[in-house]
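In what follows, a single structure is set out as structure tokens and then discussed.
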2 protein chains.
Amino acid sequence: MDTSQPPRRKPGRPKAGADLRDRILDEAEACFAAAGFAGAALREIATRAGVNQALLRYYFGSKQDLFDAVFRRRGGMISGQRHVLLDRALAAPDLSVESVLRAYLRPQWEMKLSGPGGAAFIALQARVHAEPEAHALELRREVYDPSLRRYIDALCDLLPALPRAVVSMRVAFLVGTYLFMLNDLGRLTDLSEGQIHEMPPEHMLDQLVVFLAAGLRAPEI
Amino acid sequence: MDTSQPPRRKPGRPKAGADLRDRILDEAEACFAAAGFAGAALREIATRAGVNQALLRYYFGSKQDLFDAVFRRRGGMISGQRHVLLDRALAAPDLSVESVLRAYLRPQWEMKLSGPGGAAFIALQARVHAEPEAHALELRREVYDPSLRRYIDALCDLLPALPRAVVSMRVAFLVGTYLFMLNDLGRLTDLSEGQIHEMPPEHMLDQLVVFLAAGLRAPEI
DNA sequence: TTCGTTATTCATCGACCGAATAATAATACA
DNA sequence: TGTATTATTATTCGGTCGATGAATAACGAA
């Protein structure tokens, strides 16, 4: 009489494909963003995605591999969009420090506003940037450094008075500024006693561009 | 024959006091910085500090309480130093955006360079700023927001053409910039193909001040 | 139909973690 | 000296975690 099997049992091949894969990545993204790498539990990711935990391993390998897949998915999108937007900015007649900055910032900005998934990735990205582990550093380099180098080249051309070392350093400053700003966007409100809260998001991006462009253009000391 | 007690046994009261307490906080700081809150293990902290794990609980309470103690220790130092340096800057004849910026940046900068403990705290701080949990947010607010508000006031006086909302936002930008820069100081090297590596640290702080001061002074759009 | 391959679940293992409790040694105080 | 208090250790508990291997159902090819 032990043979009574509850009806919910369906190993096999019901929902395979990129669809399920993406759903797993979505939930993993949310969990990693909320709890960090160590704090996220594969069990919870699997449950939220409606699959068995062993399936994560079947698809992605270890926990670290899953994390990397999450990071590369959106990171690759952003890098690709930056590449396209930089090409467009360089070809446009209004080429300027501001237009290059916008080409760099817009992909992340739009991902942040695109919905909870995009916002989760921004948070996750901020975490990765704060992690000192060698693996996190490699990941960031692999995903982002190539596109960054092109932007440094473009800005050096636009700011011929500045040596490359100074431009490189200022670009590094810039990365910290926007990462923090995007991640903390909701909390900026507090410092300004609510005044920022009433500002439309598009205006905030403008503010950021103004701030960063002025910093980049500052004469060398 | 079970009564043979190995000589290494010394419960009691050998090394009590602020000394041991600080050693525990030091090791906790290093572990939390390296692995994050969830990733750090109380067992390792205790081992590295040369004490039993239960002693952590006796001194600090839960893991979260220990973390908070770590954060408040150095955070309090920084806030205190900022308060003093801002007073001094406001009273000095060369009061300027730059001098206010330096008063804000110097405590963290010197902590970073003061040794491995200080550097560990900077890393930990960057992690806390990237964590979305409500508790982390409260902690940051409690430790840092009061001093931040004074700096916003001072900068508003120095930049009367800018509305307070804009100054507040730019100060928020600024926080991200220096946090990221301090934490990534060692890695900035890569982007500049080694050129930054040869720059003396003091010069890097100057570069940061120039960048931020220009951003703060940018005319409103 | 048959059979191998692929996708999925189930069940479990060993490790580790944070917390808790009880025992115990050093000190302070009477 | 004796006794209460404080600082420290030893040990254990329940829980959770990532990983793993075996079982199994669906599908594609023959």
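All values derive from a computational prediction rather than experimental measurement. Within every chain, numbering begins at 1; the chains are lettered A, B, ... in the order of the sequence lines, protein sequences first and strands thereafter. Every heavy atom of this structure was used, including side-chain atoms; hydrogens, water molecules and symmetry mates were not.
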Ignoring hydrogens and angles, does a donor from either the side chain of A/R43 or the base of D/dG18 sit under 3.5 Å from an acceptor on the other? yes

Would you mind reading off the distance between [X] atom [atom1] and [N] atom [atom2], rounded to a whole angstrom?
X	N	atom1	atom2	value
B/E44	C/dG18	CD	C1'	15 Å
B/L55	C/dA19	CG	P	15 Å
A/I45	D/dT16	CD1	C1'	14 Å
A/R57	C/dT12	CZ	C1'	14 Å
A/R23	C/dT8	CZ	C1'	13 Å
A/R21	C/dT8	CZ	C1'	15 Å

Where the side chain of [X] is defined as all heavy atoms beyond and including C-beta, which of [options] is the nearest nucleotide?
X	options	answer
B/Y59	D/dA7, D/dA10, C/dT9	D/dA7
A/L42	D/dG18, C/dA19, C/dC10	D/dG18
A/Q53	C/dC17, D/dG18, D/dT20	D/dG18

Measuring only between side-chain heavy atoms, which start at C-beta, is B/L105 closer than 4.5 Å to B/L182? no

Is there side-chain contact between A/F173 and A/L212, with heavy atoms separated by less than 4.5 Å? no

Calculate, to the nearest 0.5 Å, the distance between atoms CZ and CD belonging to B/R73 and B/E29 respectively. 5.0 Å

Determine the contact category for A/A41: base if any of its heavy atoms lies under 4.0 Å from a base atom, sugar-phosphate if only primed atoms, P, OP1 or OP2 are that close, otherwise nothing. sugar-phosphate

When we call it a touch if two heavy atoms are under 4.0 Å apart, what does B/A40 touch: a base, just sugar-phosphate, or nothing? sugar-phosphate

Scanning both residues in full, the closest heavy-atom pair of A/I152 with A/S168 reads CG2-OG, 3.9 Å

At less than 4.0 Å, is any side-chain N or O atom of B/Y58 found next to OP1 or OP2 of D/dT9? Yes or no. no

At under 4.0 Å, does any side-chain N or O of A/N52 touch on OP1 or OP2 of C/dT8? no

Please report whether the ring centroid of B/F32 lies less than 6.0 Å from that of B/F67. yes

Closer than 3.5 angstrom, by distance alone: can the side chain of A/R127 be matched with the main-chain N or O of A/A33 as a donor-acceptor pair? yes

Would you please name every residue forming a side chain to side chain donor-acceptor pair (under 3.5 Å) with A/T47, sequence neighbours left out? none

Positions of residues 60-75 of chain A (non-hydrogen atom under 4.0 Å from DNA chain D), listed by number: A/S62, A/K63

